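Treat the numbers as computed from the prediction; the structure is a model and nothing was measured.
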Amino acid sequence: MVTARYSGTCPCLPSKRESEIVYSIDRRVATGTRPLVTALRFWCLPQPSKMKTKITAAPKNVGAMKVVDRCLIQRSGRGAISGDPPISVSTLLKALPAMCSMTARWGIAALVLLGMTMQVSHCIAAETLTVVSDFEGASVSEVQIDEATRSVSFMPGGDPERGWPCWWYFRVDGIQPDETITLRLHGSTATVGKQKPLSASWAMPARATYSIDGETWLHTDKGHRDGQWMTYTLTPDAASVYVAWGPPYTPTMAESFVRALAAKSQHAEATELCRSREDRSVPMLYVREGNLETKKRFGVWVQARQHAWESGSSWVAQGFGEWLVSDDANATWLRQHGEIFLIPIMDVDNTATGNGGKNAVPHDHNRDWSPQPHWNEIMAAQRKIGDLVGEGRMDVFLDLHNPGPGDASFFYVLPRDMLSEPMLSLRDRFIDLAYARISKMKPLIPMSNKPKVTGASYHPLWRQISSNWVSMNGNPHTVSLCLETVWNSENSTTVGYRAVGANLAAAVQDYLAERPAK
């Protein structure tokens with residue numbers, strides 16, 4: 001271990017006052033005489049005379065990552081630089097321009113090579129912005145980084161044959177303390193066959209979503225639309241920030257969610273609907289409480305995310321599940337009188353790979369409810385729903401989505417003239433109960449009490465849409481609906497979505513409590 005100390009001004013500290021900089025280098029020798037740096041640490045100490053007591057209280061230098069010669073160089077929160085794999089001297093020298101000033105990097109290089117010391121005046125220069133998208137659910141294309149303006153220009157990624165290319169989700173590294181970065185989004189130009197490119201508005205929320213830890217998701221300020229470009233600015237106060245079309249919800253998150261609820265409640269079971277075509281698990285939550293016979297229970301089926309880019313629908317499903325296992329007396333009643341199946345993500349493959357899902361080839365999940373489904377998830381759902389129908393207790397079916405960019409929340413239904421009683425009156429009653437709860441939420445989630453129809457004029461495959469299929473193949477009393485929850489509003493957040501789900505679950509209880517016991 002070689003340690004050296006220098007005096008000078010450091011831009012890491014407030015007011016850039018005189019400070020003492022400590023470098024510690026752990027040097028190991030690989031085969032031959034090639035030196036490797038396994039750890040290089042530096043601290044900027046505002047009071048040199050109290051160095052030993054100040055190291056642990058040194059100002060936090062914001063971290064950064066950079067890949068040089070296939071070696072990851074990382075500067076952590078307290079200024080440590082490490083390499084994985086261990087860093088050769090040549091690799092370190094290439095990385096230093098992005099991490100230190102000219103004087104500082106040669107001072108470090110001298111320590112590595114010669115064990116000598118020299119004066120430095122600065123320890124950190126601006127990091128190079130980088131875009132990372134090698135994780136679950138990520139999607140981005142046509143990335144261009146302008147270091148002068150500290151901006152990232154990009155398009156949504158994804159294979160257009162696997163659905164609309166409107167979903168985007170990636171991480172930006174190399175951000176400086178208190179720095180504002182700019183995101184410049186252009187609509188995708190990708191096409192399938194002779195189709196025109198998808199309208200850019202589908203990819204352009206009024207506010208982008210971001211997170212510094214990948215768990216808590218916030219909105220940026222409202223973006224600025226200029227033709228085919230949407231510009232967002234944010235000051236994340238971190239070295240890295242995740243940015244996305246909306247709050248991501250991955251298959252891993254779905255699996256963690258159902259497991260967490262099963263661990264929380266003895267009345268919930270984390271199970272699996274099926275394995276996908278790409279052999280991924282499709283997590284499902286199964287809930288029932290008490291000793292009431294199965295044949296006397298109401299059947300409730302709730303599914304989300306038949307279109308992979310509609311991430312908000314999974315958060316609505318999560319809110320439904322959280323309320324369902326809560327201590328609310330009405331939730332207890334629903335568990336004791338119902339048998340509930342909840343699937344947070346139906347199209348797990350496209351969700352995992354960052355594809356849009358909607359209008360995928362040969363058709364998406366919500367156009368696949370036919371006698372011979374293409375997707376494994378639909379085959380499994382049809383079998384289980386068929387069992388409920390056969391037992392005369394397919395009571396409530398809910399398919400969760402996000403709508404067009406200009407729409408409020410609403411229900412999709414079959415035309416009235418296609419339904420008979422009691423199905424029609426029961427459907428209207430459920431819509432009234434759900435609207436009464438969701439429309440009065442605070443903060444407001446805009447909702448319309450006028451359903452839209454999905455009949456013959458809606459789509460050539462209208463009979464193969466899930467809520468239509470269940471209505472046409474269900475019991476006479478079945479209520480089957482598609483809820484579209486608004487995504488392009490200031491309250492379309494994880495909190496807002498989950499509140500919609502909780503109120504939807506409460507509406508299910510309101511409705512079933514009015515029904516005669518089985």
Side-chain angles (χ1 to χ4, degrees), residues 292 295-303 316 320 323-324 330-331 333-334 336-342 366 369 381-382 384-401 403 407-441 445 447-459 462-485 500-518:
L292 185 66
K295 66 181 181 180
K296 294 182 179 181
R297 290 179 178 269
F298 297 106
V300 179
W301 186 277
V302 183
Q303 62 182 36
V316 174
F320 191 107
W323 183 89
L324 184 61
N330 290 334
W333 185 96
L334 183 54
Q336 292 176 342
H337 292 82
E339 183 181 33
I340 303 98
F341 304 83
L342 176 66
N366 203 32
W369 292 67
Q382 283 183 332
K384 290 183 177 295
I385 291 169
D387 290 342
L388 292 173
V389 173
E391 296 164 1
R393 56 191 194 90
M394 181 63 262
D395 293 280
V396 178
F397 173 90
L398 296 170
D399 186 33
L400 307 179
H401 289 257
D407 290 324
S409 302
F410 65 91
F411 284 105
Y412 265 127
V413 299
L414 274 175
R416 298 184 67 84
D417 59 9
M418 291 194 63
L419 300 180
S420 57
E421 296 294 352
M423 185 180 288
L424 184 59
S425 296
L426 294 175
R427 185 189 75 180
D428 290 347
R429 178 58 178 161
F430 183 89
I431 290 174
D432 288 343
L433 291 169
Y435 176 77
R437 284 187 172 272
I438 298 172
S439 65
K440 295 178 181 177
M441 286 171 42
I445 296 290
M447 186 172 187
S448 170
N449 63 349
K450 296 181 179 180
K452 297 185 179 183
V453 299
T454 53
S457 62
Y458 177 76
H459 191 278
W462 66 277
R463 292 181 181 274
Q464 296 175 201
I465 292 174
S466 60
S467 58
N468 293 351
W469 183 89
V470 174
S471 289
M472 292 184 290
N473 292 276
N475 300 122
H477 64 275
T478 297
V479 169
S480 179
L481 296 165
C482 168
L483 175 63
E484 302 269 356
T485 304
V500 170
N503 280 274
L504 183 64
V508 171
Q509 191 279 330
D510 290 340
Y511 168 76
L512 292 178
E514 296 178 350
R515 302 291 297 142
K518 289 188 178 298

- Given Arg427 and Arg416, is the side chain to side chain contact (heavy atoms under 4.5 Å, CB included) satisfied, shown in steps? CA-CA 10 Å; Arg427 185 189 75 180; Arg416 298 184 67 84; 3.8 Å; yes

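- For the residue pair Trp323 and Ala331, the shortest heavy atom distance occurs at O-CB, 3.2 Å.
- At a threshold of 4.5 Å between non-hydrogen side-chain atoms, the residues Thr478 and Val470 count as touching.
- Using a 4.5 Å heavy-atom threshold, the side chains of Leu483 and Val500 count as touching.
- Atom CG in Asp399 sits 5.0 Å away from atom SG in Cys482 (nearest 0.5 Å).
- The two residues Leu292 and Lys296 have their closest heavy-atom pair at CD2-O, 3.8 Å.
- Note that CD1 of Ile465 and OH of Tyr412 are 8.5 Å apart. Values are rounded to the nearest 0.5 Å.
- In summary, Lys452 and Glu484 do not engage in a salt bridge, as defined by a charged side-chain N under 4.0 Å from a carboxylate O.
- In plain terms, the two heavy atoms of Ser471 and Leu414 that are nearest each other are CB-CD1, 3.7 Å.
- Contact of the Phe430 side chain with the Asp395 side chain is not registered, since no non-hydrogen atoms from C-beta on lie closer than 4.5 Å.
- Of the candidates Arg393, Lys518, Arg297, Arg393 is the only one forming a salt bridge (charged side-chain N to carboxylate O under 4.0 Å, His left out) with Glu339.
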- Task: Decide yes or no on side chain to side chain contact (heavy atoms under 4.5 Å, CB included) for Ile431 and Val413, but give the supporting numbers first.
- Result: CA-CA 10 Å; Ile431 290 174; Val413 299; 4.0 Å; yes

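- In this structure, Val300 and Leu512 have side chains that are in contact, with non-hydrogen atoms separated by less than 4.5 Å.
- For the pair Asn475 (side chain) and Met394 (backbone), a donor-acceptor distance under 3.5 Å is present.
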- Kindly indicate, with the supporting measurements, whether the criterion side chain to side chain contact (heavy atoms under 4.5 Å, CB included) is fulfilled by His459 and Thr454. CA-CA 7 Å; His459 191 278; Thr454 53; over 6 Å; no

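- Using a 4.5 Å cut-off on side-chain heavy atoms (C-beta onward), Leu324 and Leu334 make contact.
- The CG atom of Leu400 lies 10.5 Å from the CG atom of Leu481; values are rounded to the nearest 0.5 Å.
- Ring geometry, His337 versus Trp333: the interplanar angle falls under 30°, so the pair is classed parallel (tilted spans 30 to 60°).
- Atom CG of Asp428 is separated from atom CG of Leu433 by 11.0 Å, given to the nearest 0.5 angstrom.
- Taking 4.5 Å as the limit, every side-chain heavy atom of Met472 sits out of range of all side-chain heavy atoms of Trp369.
- With hydrogens and angles ignored, the 3.5 Å screen pairs a side-chain donor or acceptor of Ser480 with a backbone N or O of Ser467.
- Gln509 places no side-chain N or O within donor-acceptor distance of the main-chain N or O of Ala513, the cut-off being under 3.5 Å.
- The side-chain heavy atoms of Leu388 and Phe397, taken from C-beta on, include no pair separated by under 4.5 Å.
- Between atom NZ of residue Lys450 and atom CZ of residue Phe410 there is a gap of 14.0 Å, rounded to the nearest 0.5 Å.
- Distance check, rounded to the nearest 0.5 Å: CD1 of Ile340 to CH2 of Trp301 gives 12.5 Å.
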- Pair Asn468-Trp462, side chain to side chain contact (heavy atoms under 4.5 Å, CB included): steps then yes or no: CA-CA 7 Å; Asn468 293 351; Trp462 66 277; 4.1 Å; yes

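- Closest non-hydrogen pair, Ile445 versus Ser409, comes out as CG2-OG, 3.7 Å.
- Side-chain atoms of Tyr511 and Leu426, non-hydrogen and from C-beta on, do get closer than 4.5 Å to each other.
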